[in-house]
Amino acid sequence: MSFADEARALDAADPLRSARDLFVLPEDVTYLDGNSLGALPRATAPRIADVVTGQWGTGLIRSWNDAHWIDLPQGVGAKIAPLIGARPNEVIACDSTSVNIYKLLCAALTLRPGRRVIVSEPGNFPTDIYMVQGLAALGLAEQRLARGNPIADFVDDDVAAVLLTHAHYKSGRLHDMAAVTAAVQARGALVIWDLSHSAGAVELDLDGVNADFAVGCGYKYLNGGPGAPAFLYVAARHQHAIANPLSGWMGHAAPFAFEDAYVPAPGITRMLSGTPPILGLAALECGVDTVAALGIPALAAKSRLLTDFFMRAIAGTCPSVECVSPAHPEPRGSQVSLRHPDAYAICRALIDRGVIGDFRDPDILRFGFTPAYVGFGDAWHAVELLAQVIEGRAYDRPEYRERAAVT
Ligand SMILES: *Cc1c(COP(=O)(O)O)cnc(C)c1O
């Protein structure tokens, strides 16, 4: 069977084929960058219009109570919880992933007095490592990068926590979360999982693997919109013992008592700092509702089929590109990354022709397969176009080599 015929057959058999209608997507675009910025759910614009004109415009400050704005961080967190294998009171939506990493690093350090080393991987997403370096500059922590495997070999009695990204942003390679968590905990340290590239597309079972802490982005597979609030997970067993280093009034036990002394709120609420961004949380809730309605098992199953089809079609059609994502579906996230010396120019040429993927320095072409709105025909179209752009050297133009501010 040709790849084109196979794509048609897979689309016809896809139980999620009509889910694309839940999103607003331009007709002439094949969107393979939902791992960087998820598409716009159809529910979002009307919801935001209502929050702006109704709740804000008419309700004014009364909406903090009447429209339950004040409970939105916990409410959206509770909806994210089942998508990542957590209980509703273990997740809260707030701040950015970067800020939440900082808060959890400090929380982990306070749970492990006498230990001050944070272990991470070289090549981890930069903000994760930069946050460790910020703490180190204040003299509060020491960074150790694990140059080799297994990671647990780098954990000794000085290590408070290990900070890892579950799905690597460049390769899409997944860590074995259960095995790493158990091995690190056996050496007395805690694990902070960054789920930015897995939440919403990959099966996750934080409680099942006895996770300690996790964070993740709201604007990738959760479709919360540009700069959406992130989420933060703290296992119930740790919540009473941790402190939030950004001890703001929204994490206080009684914010409207306006007391001089900080007293942390019970439970996950203590991880809040300032006033929640209501517009962003409302948009995030629409994105999360959309994912939840489709269900992670169906999304994750389709994701594996999509990436498998794309990788086989690439191998059969574009032999000059090297695939750097895992060949086996088990350790592969919802993306496929290809290596080519002209990756940046090729990426720009593809975008000009309606196939949107992205580029990661120095030579990676990255394609995200958001199972909710990407079909097998889309995957095949991208492969055909990529082959055409490479064979015809259509990317070989000076304007395709000029780097934009955001890549
Ligand atoms: C996208 C991403 C981030 C982004 O963090 P922000 O604070 O939202 O900018 C952090 N970590 C990982 C692993 C990511 O993929």
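Whatever order the structure lists them in is the order used to number ligands and atoms, beginning at 1.
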Exercise for review: Would you check if there is a donor-acceptor pair between the side chains of Y395 and R397 at a distance under 3.5 Å?
Suggested key: no
Practice item. Flag H197 as yes when one of its N or O atoms lies below 3.5 Å from any N or O atom of ligand 1, and as no otherwise. Key: yes
**Study point:** Contact check, side chains of V288 and N223, non-hydrogen atoms, under 4.5 Å
**Key:** no
Review point. Starting from atom 13 (C) of ligand 1, which protein heavy atom do you reach first, and at what distance in Å?
Key: D194 OD2, 3.2 Å
Review point. Without hydrogens or angle criteria, can the side chains of T127 and S98 be said to hold a donor-acceptor pair below 3.5 Å?
Key: yes
Check your understanding: In ligand 1, which numbered atoms sit nearer than 4.0 Å to a non-hydrogen atom of T165?
Key -> 13 (C)
Check your understanding: Should the proximity of C217 to ligand 1, defined as any heavy atom under 4.0 Å, be assigned to the side chain, the backbone, both, or neither?
Key -> side chain
Check your understanding: Is a side-chain donor-acceptor pair under 3.5 Å present for T317 with E384?
Key -> no
**Study point:** Side chain to side chain, I346 and I390, heavy atoms closer than 4.5 Å
**Key:** yes
Review point. Taking the six-membered ring of F125, is NZ or CZ of K220 closer than 6.0 Å to its centre and within 45° of its axis?
Key: yes
Review point. Between D128 and ligand 1, which residue portion shows a heavy-atom distance shorter than 4.0 Å: side chain, backbone, both, or neither?
Key: side chain
Review point. Among protein heavy atoms, which lies nearest atom 14 (C) of ligand 1, and at what distance?
Key: K220 NZ, 2.8 Å
Exercise for review: Provide, to 0.1 Å, the distance between atom 4 (C) of ligand 1 and the closest protein heavy atom, together with that atom's residue and name.
Suggested key: Y219 OH, 3.2 Å
Check your understanding: How close does the nearest protein non-hydrogen atom get to atom 5 (O) of ligand 1, and which residue and atom is it?
Key -> T97 CB, 3.5 Å
Check your understanding: Should the proximity of T127 to ligand 1, defined as any heavy atom under 4.0 Å, be assigned to the side chain, the backbone, both, or neither?
Key -> side chain
Check your understanding: Would H68 and Q55 satisfy side-chain hydrogen bond (donor to acceptor under 3.5 Å, both in side chains), going step by step from the backbone distance to the final call?
Key -> CA-CA 10 Å; H68 306 287; Q55 296 179 3; over 6 Å; no
Review point. Do F369 and Q335 have side chains that get closer than 4.5 Å, going by heavy atoms?
Key: no
Check your understanding: Which residue owns the protein heavy atom closest to atom 7 (O) of ligand 1, what's the atom, and how far is it?
Key -> S98 OG, 2.6 Å
Review point. Which atoms from ligand 1 have a heavy atom of S96 less than 4.0 Å away?
Key: 7 (O)
Check your understanding: Quick one: nearest non-hydrogen protein atom to atom 3 (C) of ligand 1, plus distance?
Key -> F125 CE2, 3.4 Å
